[in-house]
Amino acid sequence: MAVIIRLARHGRRNRPYYRIVVTDHENKRDGRYLELLGTYNTLTKPSAITLKQDRVKYWLSVGAKASTTLQSIFEREMPGLYKSMVEKRRTKIKTTRAKRKARIKARGGKKTTAAATKKAAKKAKAKAPKKVSKKKEATA
């Protein structure tokens with residue numbers, strides 16, 4: 001399940017009012033959501049934005065992706081937050097990749113997956129000399 005932070009449109013025609021929600025990416029724009037993080041009213045000058053900043057930080061830290069509109073809103077409301085979260089995620093990915101490469105190098109540079117071990121077992125079985133039963137030897 002891919003979780004996304006996006007805007008859900010409410011209000012009437014020509015009078016939009018947005019909710020900032022966390023939802024599964026497959027849900028409809030105005031459909032079911034996991035949590036309400038704030039509101040965004042574009043009709044006021046300047047635009048009125050309310051955010052639960054601690055919950056936004058939490059959802060970004062556990063891997064939720066924000067829409068492009070919300071990325072700019074987060075940068076305006078909480079400078080540096082979104083970029084720092086993305087950088088933390090990238091460094092975590094880089095460290096896990098480095099650990100994985102080190103494990104592979106320690107094994108001799110070969111990846112050992114279930115499919116690879118099955119192939120190796122088949123090759124070994126094919127190369128092994130076939131056993132001849134005693135009955136066939138006697139008739140020959």
Side-chain angles (χ1 to χ4, degrees):
M1 175 168 105
V3 179
I4 190 167
I5 303 173
R6 66 177 172 205
L7 296 172
R9 190 179 194 272
H10 291 278
R12 63 176 206 233
R13 183 181 54 161
N14 296 328
R15 305 283 297 168
Y17 182 81
Y18 298 96
R19 288 181 177 175
I20 301 169
V21 297
V22 178
T23 184
D24 181 22
H25 79 284
E26 294 178 353
N27 289 344
K28 295 179 181 178
R29 180 192 69 185
D30 302 331
R32 185 177 66 194
Y33 56 86
L34 299 172
E35 187 176 352
L36 177 66
L37 298 180
T39 58
Y40 178 48
N41 188 357
T42 58
L43 298 177
T44 60
K45 296 293 179 195
S47 298
I49 300 168
T50 59
L51 279 177
K52 297 178 186 174
Q53 293 185 2
D54 58 331
R55 297 306 294 168
V56 170
K57 290 177 185 177
Y58 166 77
W59 281 107
L60 289 174
S61 69
V62 295
K65 305 264 193 235
S67 67
T68 54
T69 305
L70 283 176
Q71 286 177 16
S72 64
I73 290 173
F74 292 158
E75 278 300 314
R76 196 170 41 205
E77 292 295 312
M78 301 176 282
L81 169 84
Y82 193 76
K83 287 183 182 179
S84 67
M85 291 288 183
V86 170
E87 287 301 318
K88 284 180 186 176
R89 198 176 310 143
R90 285 183 181 157
T91 55
K92 185 178 179 182
I93 290 170
K94 286 179 183 179
T95 56
T96 54
R97 284 181 182 164
K99 287 178 184 177
R100 190 179 310 130
K101 285 183 180 181
R103 279 196 313 259
I104 291 170
K105 200 171 193 178
R107 280 184 273 186
K110 296 180 184 176
K111 285 187 178 181
T112 53
T113 60
T117 54
K118 283 182 183 179
K119 281 184 180 181
K122 277 187 177 181
K123 280 186 177 180
K125 193 175 184 180
K127 287 183 179 180
K130 295 184 180 180
K131 294 181 180 177
V132 181
S133 65
K134 291 181 181 178
K135 289 181 182 179
K136 287 187 178 179
E137 286 180 5
T139 56

Worksheet entry | Heavy-atom closest pair, residues Pro16 and Asn41 | O-OD1, 4.0 Å
Practice prompt. Please indicate whether Arg76 has more than 12 foreign heavy atoms, meaning atoms of other residues, nucleotides or ligands, lying under 6.0 Å from its CZ.
Written response: yes
Worksheet item: Do Arg100 and Ile104 come close enough that some side-chain heavy atom pair is under 4.5 Å?
Response: yes
Practice prompt. To the nearest 0.5 Å, tell me how far Thr96 OG1 sits from Lys101 NZ.
Written response: 10.5 Å
Fill in: Those residues that, when tested against Arg9, pass side chain to side chain donor-acceptor pair (under 3.5 Å) (two or more places apart)
none
Worksheet, complete the sentence: NZ (Lys65) and CD (Gln71) are apart, to the nearest 0.5 Å, by 9.5 Å
Response to the item:
Distance col, row Ile20:CD1 vs Glu77:CD, nearest 0.5 angstrom, shows 8.5 Å
Item to complete: Tell me whether Tyr17 is reachable from Leu43 by hopping between hydrophobic residues (I, L, V, M, F, W, Y) whose side-chain heavy atoms are closer than 4.5 Å.
Response: no
Worksheet item: Can Met78 be reached from Tyr18 by stepping across I, L, V, M, F, W or Y side chains whose heavy atoms are under 4.5 Å apart?
Response: yes
Discussion item. Ignoring hydrogens, what is the shortest heavy-atom contact between Leu51 and Ile49? Give both atom names and the distance.
Written reply: CG-CG2, 4.1 Å
Worksheet item: Can you name the closest pair of heavy atoms from Asp24 and Ala2 and give their distance?
Response: OD1-O, 2.9 Å
Residues 32-39, side-chain donor-acceptor partners within the protein, below 3.5 Å, at least two apart:
residue : atom : partner : partner atom : Å
Glu35   : OE1  : Arg55   : NE           : 3.4
Glu35   : OE1  : Arg55   : NH2          : 3.0
Glu35   : OE1  : Trp59   : NE1          : 2.7
Glu35   : OE2  : Arg55   : NE           : 2.9
Thr39   : OG1  : Thr50   : OG1          : 2.6

Worksheet item: Any side-chain heavy-atom pair from Leu70 and Tyr40 closer than 4.5 angstrom?
Response: no
Worksheet item: Is it true that a side-chain atom of Thr23 and a backbone atom of Asn27 form a donor plus acceptor pair closer than 3.5 Å?
Response: no
Item to complete: Drop me the distance from Ile5's CD1 to Phe74's CZ, to the nearest 0.5 angstrom.
Response: 4.5 Å
Worksheet entry | Atom of Leu7, atom of Arg29 and distance for their closest heavy-atom approach | O-CG, 3.8 Å
Fill in: Val21 reachable from Leu60 in the ILVMFWY side-chain graph, under 4.5 Å edges
no
Worksheet item: What's the spacing between Thr69 OG1 and Arg6 CZ if we round to 0.5 Å?
Response: 12.0 Å
